[in-house]
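All values below come from the heavy atoms of this structure, side chains included, with hydrogens, waters and symmetry mates left out.
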Amino acid sequence: MADANNAKDESKEADGNLSEIQRKVQAAFEIFDHENNQTIDVRELGTVIRSLNCCPTEGELHDMLTECEEDEPTGYIKYERFEVMMTRVLMERKYRPDPEEKLLKALEILDQDRKGYLTVEEITNYITKDGEPFSQEELEEMLSGAVDTEKGVINYKDYAMILTVDEN
């Protein structure tokens, strides 16, 4: 009898989680549905996904786009296709952001002189020349939130804390 009650409680919790996730997916989508016609521009897909605290790579994002797009691409993503894909991603807890400690270690490695900060020039070189390079727009957006306006440098301990997404 106890097992049956536990199964019912778990089922109710899963249903509650599912409806909460679907509510979040819909709310995020609606922000970018500028025409109020249940579609978003494909170019905004990554922004919508990241607004839901998912951090896929560009390759993973391309796969997600392929899954959401119509058979004949229109340049738009329909809500019903996005909801199915994004609900599954969130239920599976895929593409979670890295914890603060991991981000901090990565940034510390870039600080070869152990200064406790990175200059704008240093970070610009790293993120435009290595790995998946940032576009100029991405670079400017990142720097706007990263640079200490008084000192003109990136205090990476503070920045790692800013980048960390609260799990709640």
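- Within 6.0 Å of the CD atom in Glu92, the count of heavy atoms belonging to other residues, nucleotides or ligands exceeds 12.
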Practice task
Step by step, work out the side chain to side chain contact (heavy atoms under 4.5 Å, CB included) result for Met142 and Glu137.
Solution key: CA-CA 9 Å; Met142 190 277 305; Glu137 182 181 334; over 6 Å; no

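- Within 6.0 Å of CD in Glu141 there are 12 or fewer heavy atoms belonging to other residues, nucleotides or ligands.
- Contact between Cys54 and Lys94 at its shortest, heavy atoms only, is SG-O, 3.8 Å.
- With a 4.5 Å cut-off on side-chain heavy atoms, Leu104 and Glu101 do not count as touching.
- With rounding to the nearest 0.5 angstrom, the OG1 atom of Thr47 is 9.0 Å from the CG atom of Leu61.
- Between Ile49 and Phe82 there is a side-chain heavy-atom pair separated by less than 4.5 Å.
- No more than 12 heavy atoms of other residues, nucleotides or ligands shown are found within 6.0 angstrom of NE2 on His62.
- Annotation for Thr124 and Val120: closest pair OG1-O, 2.7 Å, computed over non-hydrogen atoms.
- In this structure, a donor-acceptor pair under 3.5 Å is present between the side chains of Glu140 and Gln136.
- Side-chain atoms of Glu122 come within 3.5 Å of backbone N or O of Thr119 as a donor-acceptor pair.
- Side-chain atoms of Thr87 do not come within 3.5 Å of backbone N or O of Val84 as any donor-acceptor pair.
- Environment of CZ in Arg81: crowded, with over 12 heavy atoms of neighbouring residues, nucleotides or ligands closer than 6.0 Å.
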Exercise. Take Ile40 and Val48 through the test side chain to side chain contact (heavy atoms under 4.5 Å, CB included) and record every step on the way to the result.
Key: CA-CA 9 Å; Ile40 59 168; Val48 178; 3.9 Å; yes

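- When the options Glu83, Gln38, Glu70, Glu69 are evaluated for a side chain to side chain contact (heavy atoms under 4.5 Å, CB included) with Lys78, the one that passes is Glu70.
- Separating the CG atom in Leu90 from the OH atom in Tyr95 is a distance of 11.0 Å, to the nearest 0.5 Å.
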Report task. Evaluate side chain to side chain contact (heavy atoms under 4.5 Å, CB included) for Leu118 paired with Val153, printing each intermediate quantity in order. Result -> CA-CA 6 Å; Leu118 295 166; Val153 298; over 6 Å; no

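- Scanning all heavy atoms of the two residues, the minimum distance from Met64 to Leu45 falls at C-CD2, 4.3 Å.
- You'll find the side chain of Leu65 reaches within 4.5 Å of the side chain of Ile77, heavy atoms only.
- In this structure, CG in Asn36 is found 8.0 Å from CD in Glu30, a value given to the nearest 0.5 Å.
- In this structure a side-chain-to-backbone donor-acceptor pair under 3.5 Å is missing from Asp148 to Gly152.
- Classification of Glu20 and Arg23 as a salt-bridged pair holds, one side-chain N sitting under 4.0 Å from a carboxylate O.
- Looking at residues two or more places apart in sequence or on another chain, you find no ring-ring contact (aromatic ring centres under 6.0 Å, His included) involving Tyr156.
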Worksheet item: Is there a side chain to side chain donor-acceptor pair (under 3.5 Å) between Gln26 and Gln22 once you walk through the steps?
Response: CA-CA 6 Å; Gln26 182 175 9; Gln22 287 172 327; over 6 Å; no

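- Taking the side chain as every heavy atom from C-beta outward, Lys157 and Tyr117 never approach each other to under 4.5 Å.
- Of the options Met91, Arg93, Met85, a side chain to side chain contact (heavy atoms under 4.5 Å, CB included) to Val89 is made by Met85 and by none of the others.
- Here the OG atom belonging to Ser51 is positioned 10.5 Å from the CD atom belonging to Glu44, to the nearest 0.5 angstrom.
- The minimum heavy-atom distance linking Gly116 with Asp111 is given by the pair N-OD2, 2.7 Å.
- Between the CG atom in Leu139 and the CG atom in Leu143 there is a gap of 4.5 Å [rounded to 0.5 Å].
- Within a 6.0 Å sphere centred on NZ of Lys115, heavy atoms belonging to other residues, nucleotides or ligands number more than 12.
- With respect to the salt-bridge test (charged N to carboxylate O, under 4.0 angstrom), the residues Glu58 and Arg50 qualify.
- Atom CG in Leu110 sits 11.0 Å away from atom CG in Asn125 (nearest 0.5 Å).
- When hydrophobic residues (I, L, V, M, F, W, Y) are linked wherever their side-chain heavy atoms come within less than 4.5 Å, Tyr76 remains an isolated member.
- With respect to the salt-bridge test (charged N to carboxylate O, under 4.0 angstrom), the residues Arg88 and Glu67 qualify.
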